[in-house]
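Each residue takes its place number in the sequence, starting with 1. For ligands, and for the atoms within them, numbers begin at 1 and follow the listed sequence.
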Amino acid sequence: MTSIDLIIKIGGSVLTDKTSYETLSPRSLLDPLFDSISNLHATTRFLLIHGAGSFGHPHAHAAGLSIGFTPPSPKHVLGAAKTRHAVATLNRMVVGELIDRGIPAVSVNPGSLLDGNWSRGEGTKPDPPPQTAYTALLRHVTALIDAGYIPVLHGDVVSSPLFGSMILSGDDLIVAFAYALKPRRGCVFLTDVDGIFDRDPKVFANAELLRTIHVNRKTGSSNCNCVTSESITVGSAVDVTGGMSKKLASAIAVVRGPLEDVQWNCRVVLVKAGSDDASKALAGDLLNIGTTMLGDDQA
Ligand SMILES: Nc1ncnc2c1ncn2[C@@H]1O[C@H](COP(=O)(O)OP(=O)(O)OP(=O)(O)O)[C@@H](O)[C@H]1O
Ligand SMILES: C=C(C)CCOP(=O)(O)O
């Protein structure tokens, strides 16, 4: 089986300015980020996923992609095409930066390899993809890893005869890949804040960082009493995938693991890109940094 140490999601809030349109973060933030990711290559096997930031979210919002449309209108399909183009553009930038630093990074557009034939579900939004939808994508990505590449995936759009075109968040990808690849050290979310707070730290100066979140693997409940409250919000930016609350739900899903796997043990940390805690996380030290999430039966 293909083995990896870490799955890293670089948030769109790190790569881009989410309060603007198709705007990259300043070089003073991006250069150290790409340097630190590149330096990992010598010691660590990792998979990279990045968010859509101000490239994908504004287009997806304009096209109404979070709900899907059946049958899809020409306007909807054009909006989906623009969204795919924008996230692929951001992805090429990321891959180019890594290649310039001597890393064998390769673009993978997940929406092209996902099987969109799952049932729509009962809600107003289509259900997220089941693990079976990822079979071809997983095969492609593991073949790349085995051949020595660093695959770089991104939040994307997936198309289906059942619901038209719909958003696929990088936060969904990290769950699917964690379940399939069982990263030895865990999963790292790099964002523009120090972790999960009791309230949005950009809005409330006295917001408190939640340092450790214990998740009950059986029930999915946690000691984070803000999971369902309004204290975790999308923030001020345009974000069609649910912002920090989606990230928390994905992180809980990773810590829970597949229910049939009783041996499952996968840590998750949420840390601020460029911080000392981010350096520790990338070095594989996923304890007592940022917000650390682990099963309540795990040390
Ligand atoms: N309780 C909270 N704790 C921490 N951040 C919060 C909270 N509530 C809202 N936020 C906001 O969530 C933002 C990070 O979420 P966001 O979805 O933008 O991250 P991302 O993964 O980098 O983005 P993308 O989806 O583009 O990849 C922060 O900038 C912060 O303002
Ligand atoms: C907006 C699009 C196309 C994908 C969203 O991915 P995310 O930024 O990882 O949630």
Side-chain angles (χ1 to χ4, degrees), residues 8-20 22-25 29 33 48-66 68 79-91 94 109-111 114 128 152-159 165-177 187-211 213 224-251 270-273 278 290-291:
I8 303 163
K9 186 195 172 196
I10 313 178
S13 64
V14 177
L15 293 172
T16 73
D17 175 357
K18 286 182 74 168
T19 61
S20 293
E22 293 199 6
T23 306
L24 290 175
S25 293
L29 286 180
L33 171 73
L48 209 55
I49 299 170
H50 66 80
S54 65
F55 282 66
H57 287 278
H59 289 292
H61 179 69
L65 288 186
S66 54
K82 285 181 184 169
T83 309
R84 294 177 91 130
H85 178 62
V87 290
T89 302
L90 180 62
N91 180 256
V94 173
N109 304 131
L114 217 80
V152 185
L153 287 71
H154 55 88
D156 205 359
V157 175
V158 57
S159 295
S165 293
M166 188 188 82
I167 288 296
L168 172 68
S169 172
D171 296 343
D172 287 322
L173 290 168
I174 200 165
V175 180
F177 277 89
C187 295
V188 178
F189 286 88
L190 297 174
T191 72
D192 66 341
V193 289
D194 286 318
I196 301 181
F197 288 74
D198 62 348
R199 285 165 293 172
D200 185 345
K202 287 193 186 155
V203 179
F204 299 95
N206 57 349
E208 283 184 27
L209 180 62
L210 304 174
R211 294 212 163 268
I213 297 180
C224 172
N225 59 8
C226 53
V227 176
T228 53
S229 80
E230 289 169 2
S231 57
I232 296 196
T233 62
V234 170
S236 52
V238 178
D239 189 299
V240 297
T241 47
M244 190 53 85
S245 89
K246 168 79 178 177
K247 223 167 302 303
L248 176 61
S250 295
L270 292 93
V271 288
K272 182 172 185 171
T291 296

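- Glu208 contributes atom CD, which lies 7.5 Å from atom CZ of Arg199 (distance to the nearest 0.5 angstrom).
- The shortest side-chain heavy-atom distance between Phe177 and Leu153 falls under the 4.5 Å cut-off.
- Formation of a donor-acceptor pair under 3.5 Å by the Thr291 side chain with backbone atoms of Leu210 is found in this model.
- Interface of Thr83 with ligand 2, defined as ligand atoms under 4.0 Å from a residue heavy atom, comprises 3 (C).
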**Study point:** Test side-chain contact (heavy atoms from CB on, under 4.5 Å) applied to Leu114 and Leu168, step by step
**Key:** CA-CA 10 Å; Leu114 217 80; Leu168 172 68; 4.1 Å; yes

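- For Gly170, a nitrogen or oxygen atom sits less than 3.5 Å from a nitrogen or oxygen atom of ligand 2, counting backbone and side chain alike.
- Side-chain contact between Asp194 and Val271 is absent, with no heavy atoms from C-beta onward closer than 4.5 Å.
- The proximity of Ile49 to ligand 2, defined as any non-hydrogen pair under 4.0 Å, does not occur for either the backbone or the side chain.
- A salt bridge does not link Lys246 with Asp171: none of the charged nitrogens is closer than 4.0 Å to a carboxylate oxygen.
- Each of the following atoms of ligand 2 lies closer than 4.0 Å to a heavy atom of Asp156: 3 (C), 4 (C).
- Using a 4.5 Å cut-off on side-chain heavy atoms (C-beta onward), Thr83 and Phe55 make no contact.
- Residues Thr16 and Ser25 bring no donor and acceptor atom of their side chains to less than 3.5 Å of each other.
- Within the listing of ligand 2, atoms 1 (C) sit less than 4.0 angstrom from a heavy atom of Gly56.
- Where the criterion is an N or O separation shorter than 3.5 Å, residue side chain and backbone included, Lys9 meets it with respect to ligand 2.
- The backbone and the side chain of Met244 each have at least one atom closer than 4.0 Å to an atom of ligand 1 (non-hydrogen atoms only).
- A salt bridge does not link Lys18 to Asp192: none of the charged nitrogens lies less than 4.0 Å from a carboxylate oxygen.
- Across Phe189, Phe204, Phe197, heavy-atom proximity to atom 1 (N) of ligand 1 is greatest for Phe197.
- A donor-acceptor contact shorter than 3.5 Å is absent between the side chain of His50 and the backbone of Ile10.
- Under a 3.5 Å cut-off, the side chain of Asp156 and the backbone N or O of Val87 do not form any donor-acceptor pair.
- Below 4.0 Å from some heavy atom of Gly51 lie the following atoms of ligand 2, by number and element: 8 (O), 9 (O).
- Considering backbone and side-chain atoms together, Gly53 places an N or O closer than 3.5 Å to an N or O of ligand 1.
- Using a 4.0 Å cut-off to heavy atoms of Ile167, the atoms of ligand 2 that qualify are 1 (C), 2 (C), 3 (C).
- Screening Lys82, Glu22, Arg84, His85 against His59 for a side chain to side chain donor-acceptor pair (under 3.5 Å) leaves a single residue, Glu22.
- Counting heavy atoms under 4.0 Å from ligand 2, residue Leu65 does not touch it at all.
- Among His57, Arg199, His154, Lys247, the residue whose heavy atom lies nearest to atom 2 (C) of ligand 1 is Arg199.
- Closest to atom 18 (O) of ligand 1 by heavy atom, among Lys246, Lys18, Lys272, is Lys18.
- Residue contacts with ligand 1: His50 is excluded, as none of its non-hydrogen atoms falls under 4.0 Å.
- The N/O atoms of Gly12, backbone and side chain alike, include one that comes under 3.5 Å of an N/O atom in ligand 1.
- For the pair Gly195 and ligand 1, a heavy-atom separation below 4.0 Å is found.
- Closest heavy-atom approach to atom 17 (O) of ligand 1 among the candidates Ser13, Gly243, Pro201, Ser245: Gly243.
- Look at Gly170 and you'll find every heavy atom at least 4.0 Å from all atoms of ligand 1.
- Heavy atoms from both the backbone and the side chain of Asp200 come within less than 4.0 Å of ligand 1.
- Residue contacts with ligand 2 do not include Leu173, since none of its heavy atoms lies under 4.0 Å from the ligand.
- Residue Ala52 has at least one N or O atom closer than 3.5 Å to an N or O atom of ligand 2.
- The distance criterion of under 3.5 Å between nitrogen or oxygen atoms is met by His57 with respect to ligand 2.
- Ser250 contributes no side-chain N or O that, together with a main-chain N or O of Val175, makes up a donor-acceptor pair within less than 3.5 Å.
- For ligand 1, the atoms closer than 4.0 angstrom to any heavy atom of Asp192 are 14 (C), 28 (C), 29 (O).
- One distance of note links NZ of Lys202 with CE of Met244; it measures 9.0 Å at 0.5 Å rounding.
- Residue Gly155 has at least one heavy-atom neighbour below 4.0 Å for each of these atoms of ligand 2: 4 (C), 6 (O).
- A donor-acceptor pair under 3.5 Å links the side-chain atoms of Asp17 to the main chain of Thr19, judged by distance alone.
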